[in-house]
Amino acid sequence: MNESEIARLKVSELRSRLSARGVKGTDGLKKPELVKKLVKTLTSGKTASSGGGKRTGKKASKSLDYSQEITSTADRPERPGRSLVTTDHEVIRQWAKARNAVPATVAGTHHDGHLGVLRFDFPGYDESDRLVEVSWSEWFEAFDKRRLNFIYQQQLSSGKRSNFFQLENPDE
């Protein structure tokens with residue numbers, strides 16, 4: 001989404017998108033300020049809620065409880081094979097980049113102009129023809145709006161690199 005598309009959004013939609021990205025204190029802002037703030041959050045790739053850790057809710061899975069929280073790229077797994085969880089955009093981006101994976105969505109799952117099922121497209125993945133590559137900013141916007149957690153592994157317990165990941169909404 002570019003700046004001119006953002007500028008065409010209604011004030012309520014701008015506030016909603018900023019809120020979904022964890023930005024607070026938008027009530028007193030006028031439309032040009034809201035546009036500027038949303039553009040800044042989208043281009044930085046960061047949000048107020050992208051500081052790592054995990055999002056909690058009533059329907060969080062047991063795997064969330066057993067996963068080690070990762071809050072920055074400096075954090076390391078306690079041991080090989082450890083389940084990890086984060087909401088940090090740079091941690092997720094680096095994990096995918098190390099595997100040559102790109103952000104994607106499942107074809108045909110888009111609705112009302114919003115991304116559908118979020119995935120990563122890995123090189124050599126048999127079902128790649130079902131995936132549509134999207135930008136990181138689009139992917140993270142949907143990730144944050146849906147309050148998802150990124151549960152993943154860096155390595156299998158054998159030490160071999162793992163491509164395992166799961167996206168979970170602790171509210172649903």
Side-chain angles (χ1 to χ4, degrees), residues 1-2 17-18 20-23 38-57 59-111 114-172:
M1 180 173 264
N2 64 38
R17 288 182 183 221
L18 284 163
R21 297 184 66 74
V23 177
L38 183 55
V39 167
K40 185 176 179 182
T41 63
L42 292 173
T43 57
S44 72
K46 293 282 186 180
T47 69
S49 62
S50 70
K54 63 182 174 182
R55 295 178 174 118
T56 59
K59 299 201 176 179
S61 70
K62 294 261 187 228
S63 61
L64 192 63
D65 293 334
Y66 298 121
S67 297
Q68 176 187 338
E69 285 185 63
I70 301 295
T71 59
S72 78
T73 57
D75 291 350
R76 298 288 173 253
E78 296 166 347
R79 59 179 165 69
R82 182 77 161 109
S83 291
L84 310 169
V85 61
T86 194
T87 57
D88 185 87
H89 293 184
E90 197 52 36
V91 169
I92 297 168
R93 192 185 325 257
Q94 282 186 13
W95 181 89
K97 185 178 179 184
R99 290 153 180 79
N100 295 317
V102 295
T105 186
V106 176
T109 62
H110 291 72
H111 50 86
H114 301 289
L115 292 185
V117 178
L118 299 178
R119 292 285 183 261
F120 286 111
D121 192 359
F122 295 92
Y125 178 58
D126 291 340
E127 307 262 336
S128 280
D129 58 334
R130 293 185 47 221
L131 300 178
V132 177
E133 186 174 340
V134 298
S135 72
W136 278 111
S137 62
E138 290 175 299
W139 198 93
F140 283 127
E141 181 177 1
F143 177 82
D144 289 334
K145 190 171 192 170
R146 296 174 191 167
R147 286 187 24 84
L148 298 175
N149 285 304
F150 183 69
I151 301 171
Y152 65 107
Q153 280 183 315
Q154 285 287 7
Q155 300 175 310
L156 301 171
S157 54
S158 67
K160 183 179 174 188
R161 183 170 64 195
S162 173
N163 286 354
F164 168 80
F165 79 96
Q166 174 184 342
L167 300 173
E168 177 189 284
N169 180 320
D171 301 320
E172 295 179 4

Next item on the list: Any chance you could measure Ile151, atom CD1, to Phe164, atom CZ, to the nearest 0.5 Å?
Entry: 7.0 Å
Note to self: So which atom in Glu69 and which in Asp75 form the shortest heavy-atom distance, rounded to 0.1 Å?
What the structure shows: O-OD2, 4.3 Å
Check: Looking at CG of Leu131 and CG of Leu118, how far apart are the two atoms once the value is rounded to the nearest 0.5 Å?
Finding: 11.0 Å
Checklist line | Euclidean distance, Thr87 OG1 relative to Ile70 CD1, rounded to 0.5 Å | finding: 11.5 Å
Margin query: Testing Val91, Val85, Leu167 one by one against Tyr152 for a side chain to side chain contact (heavy atoms under 4.5 Å, CB included), which residue passes?
Written below: Val91
Check: Quick one: OG1 on Thr86 to NZ on Lys54, what's the gap to the nearest 0.5 Å?
Finding: 11.5 Å
Next item on the list: Output yes when a side-chain donor or acceptor of Arg147 lies under 3.5 Å from a complementary backbone atom of Asn169, and no otherwise.
Entry: no
Checklist line | Euclidean distance, His89 NE2 relative to Asp144 CG, rounded to 0.5 Å | finding: 3.5 Å
Margin query: If I compare all heavy atoms of Asn163 with all of Trp95, which pair ends up nearest, and what's the gap?
Written below: O-CH2, 3.4 Å
Check: Atom CD of Gln68 and atom CD of Gln154: how far apart are they, to the nearest 0.5 Å?
Finding: 10.0 Å
Item checked: Heavy-atom pair with the smallest gap, counting every atom of Phe122 and Arg99 -> CE2-CB, 3.9 Å
Margin query: Main chain of Val102, side chain of Glu133: is a donor-acceptor contact present, judged purely on distance under 3.5 Å?
Written below: no
Next item on the list: Report the residues that fulfil side-chain hydrogen bond (donor to acceptor under 3.5 Å, both in side chains) with Thr105, sequence neighbours left out, ordered by chain and then residue number.
Entry: none
Notebook entry, point to check: Would Asp88 and Thr71 count as a side-chain contact (heavy atoms from CB on, under 4.5 Å) if you check the C-alpha gap in whole Å, the side-chain angles of each, and the deciding distance to 0.1 Å?
Noted result: CA-CA 6 Å; Asp88 185 87; Thr71 59; over 6 Å; no
Next item on the list: Decide yes or no on side-chain contact (heavy atoms from CB on, under 4.5 Å) for Arg119 and Arg130, but give the supporting numbers first.
Entry: CA-CA 11 Å; Arg119 292 285 183 261; Arg130 293 185 47 221; over 6 Å; no
Item checked: Under the salt bridge (charged side-chain N to carboxylate O under 4.0 Å, His left out) test, residues paired with Arg82 that sit two or more places apart -> Glu78
Check: Which heavy atom of Ala96 sits nearest a heavy atom of Phe120, and at what distance?
Finding: CB-CE2, 3.8 Å
Item checked: Parallel, tilted or perpendicular: rings of Trp136 and Trp139 (30°, 60°) -> perpendicular
Next item on the list: Please name the pair of heavy atoms, one in Leu84 and one in Ser67, separated by the smallest distance, quoted to 0.1 Å.
Entry: C-CB, 3.9 Å
Next item on the list: Identify the two heavy atoms, one from Glu138 and one from Leu115, that lie closest to each other, and give their separation to 0.1 Å.
Entry: O-CD1, 3.5 Å
